[in-house]
Amino acid sequence: MMSFGRRRHHHHWMFTLVLLVLALTRHTAVASTITASSSRRRLEDAYYYGDDTFEYNVLSDYSVRFVKCQHVKMFDDDLAEDEDAETVLATKQFVVYNMCPSDTGCGSYSDSCSNEKHGAYVLDLADYLDNTVEFQQAEFEYMCNNCNERCNENGEYCDGCGKICYNLENLENNGYVDASEYMECQELDVENDDDDDNGNDDDDELQLYIGPKCSSDGESILIGLFTDENCWEPYQEDVDVEDVLGVKLSYHLLSTTVRDGSNDMSVCLSCKEQGDDDNDNNDADDVNEMCENVYAASAKCESIYGLEGGFVNENRQDQDYENQVETEFMVCTFIDSLIWNSYTETGEINIDAVQDEIIRETTVLQIAVLSGLAVAILGMIAYAYVLSDQITKSFPPNLIAKSNNQLT
């Protein structure tokens, strides 16, 4: 097995441009597959059998660990068919996450799965939030219903979970609105106070849309303003969404799908069914509904990280779903491009940024095997030469001369 090291390397800008343009063609195909398949929430034949039982029960020992949120500007069929569209490129948003072993990979104070066997995945931001926010809401409700801390009606004498629950229940009274209410793209009617081209006040309503977006560093998920109904085209970056809404946004719930508030590490959301998960306990598997849905909607990169018992490994052995299995390499490279600064914060191809490069080092075992093969090949050549010489000498000279005369 090859060992991998990683270093920073400045590519020649023209060479980088060629590589990125070539890669974009493949990545666009992968990204289009992700956004298209995400609308099918449950692929029964691929992931379920019997009485709605999830096939990949090995994931019950894993946790969803957020890695990065990234914009990608890519070709869109709907925009290409829209005569009024000014561009055929849409800025779409993807989340990269890992499936880490819950007992080891998620127990470390780092943003990776350590060196444990795991999988890497990518899916549409909306699908990630749709499932993880609902999961965290249920967790908070369960915690607050069972919280033993006592708070009076003014929120005094509160500690621990009691303080958290009190603040969540009184967001509106404190001038806040839960940011998770805008995790789906939706219309937002605002008054347009800008002057028109003639210097006159233009008080017509400005049609904007509000929805989730990746932060500039990709480490968190925020709420932003957009100009289209799909929340693909950002509105002016210098406009504060809270000023437009007239209230402050509370990211307490939304942030728990990304970061762990106790140590500021990537959050780990366990895939193990718990006693409070009453919406999925009737099946025969141990994987909760959140992980089932997120996993089914994701493009998967599992082989190179050693995950066993997952979709790719099992279906490769059974020779099923060849398209998804055989395109795993493209998915892996797309995930790498999202992590390794191949795109800017606005989704453009990043030519100037320092790129990560994988350095593959040959192991001692590989050197020994290659050396053995080289020696064996040389030995076979030498043996063939000796054997040919022996065969030639075994024939009488007059017979060889006669044979040569017949050939000429």
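Counting from 1, the numbers follow the sequence of the chain as shown.
The SG atoms of Cys214 and Cys69 are placed within less than 2.5 angstrom of each other.
By the 6.0 Å and 45° rule, Lys300 stacks over the aromatic ring of Tyr295.
For the atom pair CG of Asp240 and CG of Leu245, the computed distance is 9.0 Å after rounding to the nearest 0.5 Å. Here the CD atom belonging to Gln70 is positioned 10.0 Å from the CD1 atom belonging to Ile339, to the nearest 0.5 angstrom. Atoms CZ and OG1, on Phe66 and Thr132 in that order, are 9.5 Å from each other to the nearest 0.5 Å.
Looking at Val287 and Tyr56, their side chains never come closer than 4.5 Å, going by heavy atoms from C-beta outward. Taking 4.5 Å as the limit, every side-chain heavy atom of Cys291 sits out of range of all side-chain heavy atoms of Leu59. Residues Asp243 and Val239 fail the side-chain proximity criterion, which asks for heavy atoms closer than 4.5 Å. Cys271 places a side-chain heavy atom less than 4.5 Å from the side chain of Met99. For the pair Leu188 and Tyr182, the minimum side-chain heavy-atom distance is 4.5 Å or more. At least one side-chain heavy atom of Gln136 sits less than 4.5 Å from a side-chain heavy atom of Leu269.
Counted within 6.0 Å of CD on Glu242, heavy atoms from surrounding residues, nucleotides or ligands total more than 12; the atom is thus considered enclosed. Annotation for Glu308: atom CD does not count as buried by contact number, only 12 or fewer foreign heavy atoms lying within 6.0 Å.
For Tyr176 and His252, the gap between ring centers reaches or exceeds 6.0 Å.
Side-chain N or O atoms of Asn288 include one that pairs as donor or acceptor with a backbone N or O of Ser270 at under 3.5 Å. Panel note: side chain Glu314, backbone Glu55; no donor-acceptor pair is recorded below 3.5 Å. Of the possible polar contacts, none joining the Glu187 side chain to the Gln207 backbone as a donor-acceptor pair under 3.5 Å is found. Under the 3.5 Å distance criterion, the side-chain polar atoms of Ser388 are left unmatched by any main-chain donor or acceptor of Ala384. Proximity of a side-chain donor or acceptor of Asp217 to a complementary backbone N or O of Glu219 within less than 3.5 Å is detected. The main-chain N or O of Val312 is found under 3.5 Å from a side-chain atom of Glu302 such that the two form a donor-acceptor pair. Within the 3.5 Å criterion, the main-chain N or O of Asp61 finds a donor-acceptor partner in the side chain of Ser102.
Note on ring orientation: taking the six-membered ring where Trp is involved, the planes of Tyr97 and Tyr121 are parallel (angle under 30°, cut-offs 30° and 60°).
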Next item on the list: Please assess Cys185 against Cys231 for the test disulfide bond (SG atoms under 2.5 Å apart), listing each intermediate value before the final yes or no.
Entry: CA-CA 6 Å; Cys185 188; Cys231 290; 2.0 Å; yes

Check: Run the side chain to side chain contact (heavy atoms under 4.5 Å, CB included) check on Ile210 and Val244 step by step: do they pass?
Finding: CA-CA 10 Å; Ile210 187 171; Val244 175; over 6 Å; no

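Applying the salt bridge (charged side-chain N to carboxylate O under 4.0 Å, His left out) test to every pair with at least one member in residues 380-390, sequence neighbours left out, gives these pairs: Asp389-Lys393.
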